[in-house]
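A short worksheet on the structure shown next.
Just so you know, residue 1 is the first one in the sequence shown, and it goes up from there. In this text the structure is predicted, and so the values were computed from the model without any measurement.
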Amino acid sequence: EVQLQASGGGLVLAGGSLTVSCAVSGFTLDDRAIAWFRQVPGKEREGVACIPGIGRVTYYKDSVKGRFTISRDNVENTVYLQMNDLLPGDTAVYYCAASSFGPGCPAPFYVASWYQNWGQGTQVTVSS
């Protein structure tokens, strides 16, 4: 059974840092790209970053470039999203998702319907 378990959310002051994790089971990270999305009430889910199952090229939403870093540990079967210089506008529920299209990130990566499996989400709140 494919499962994604997101964790690590919390409350942080603006300018601070937080790392959220996505532990996957039922498949190996080599086989599928993983993306992080976020959603606030009343808005559509938006893609934040994507990392392929193989290779090093990663993709980011413009507003998080230079502040967020997505990485993976293929031994632990876990994907991380390190978030630095957090802003109140980063406040959202963060979800990880596994691509329906194998190890490469979809183009564009931020289309939510292109991801077959989703984690349950973890709340990130940035206070000013």
[X] to [Y] - nearest heavy-atom pair and separation:
X	Y	value
Ala49	Phe109	N-CE1, 3.4 Å
Met83	Val20	CE-CG1, 4.0 Å
Ala14	Ser128	CB-CA, 4.3 Å
Asn77	Leu29	OD1-N, 3.2 Å
Gly104	Pro52	CA-CB, 4.4 Å
Ala35	Phe37	CB-CE1, 3.7 Å

Under a 3.5 Å cutoff, is there a donor and acceptor pairing between the side chains of [X] and [Y]?
X	Y	result
Asp73	Thr78	no
Gln5	Ser7	no
Arg32	Asn117	yes

When rounded to the nearest 0.5 angstrom, what is the spacing between [atom1] in [X] and [atom2] in [Y]?
X	Y	atom1	atom2	value
Cys22	Leu4	SG	CG	4.5 Å
Asp85	Arg67	CG	CZ	7.0 Å
Gln82	Ser71	CD	OG	7.5 Å
Gln39	Lys43	CD	NZ	11.0 Å
Ile51	Arg72	CD1	CZ	5.0 Å

*Are there more than 12 heavy atoms of other residues, nucleotides or ligands under 6.0 Å from atom OH of Tyr110?*
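No.
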Would a distance-only check, ignoring hydrogens and angles, find a side-chain to backbone donor-acceptor pair under 3.5 Å from [X] to [Y]?
X	Y	result
Thr122	Gly9	yes
Ser100	Trp114	yes
Gln120	Ala6	yes

_Could you walk me through whether Thr19 and Leu81 satisfy the side-chain contact (heavy atoms from CB on, under 4.5 Å) test, starting with their C-alpha distance in whole Å, then the side-chain angles of each, then the deciding distance to 0.1 Å, before giving a yes or no?_
CA-CA 6 Å; Thr19 298; Leu81 183 69; over 6 Å; no
*Run the numbers on Arg45 and Arg38 for side-chain contact (heavy atoms from CB on, under 4.5 Å), then give the verdict.*
CA-CA 6 Å; Arg45 198 167 292 191; Arg38 66 187 183 187; over 6 Å; no
*Any side-chain heavy atom of Leu13 sitting closer than 4.5 Å to one from Ser127?*
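Result yes, sub-4.5 Å side-chain heavy-atom pair found.
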Out of curiosity, does [Y] fall in the hydrophobic cluster containing [X] (side-chain heavy atoms, cut-off under 4.5 Å, transitive links)?
X	Y	result
Trp118	Val111	yes
Val124	Tyr95	no
Val48	Tyr60	yes
Leu86	Val64	yes
Leu18	Leu11	no

*Between Leu87 and Val126, is a side-chain contact (heavy atoms from CB on, under 4.5 Å) present by the stated rule, with each step listed?*
CA-CA 6 Å; Leu87 304 170; Val126 183; 5.6 Å; no
*Centroid separation Trp36 to Phe68 less than 6.0 Å*: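 So the answer is no for these two rings.
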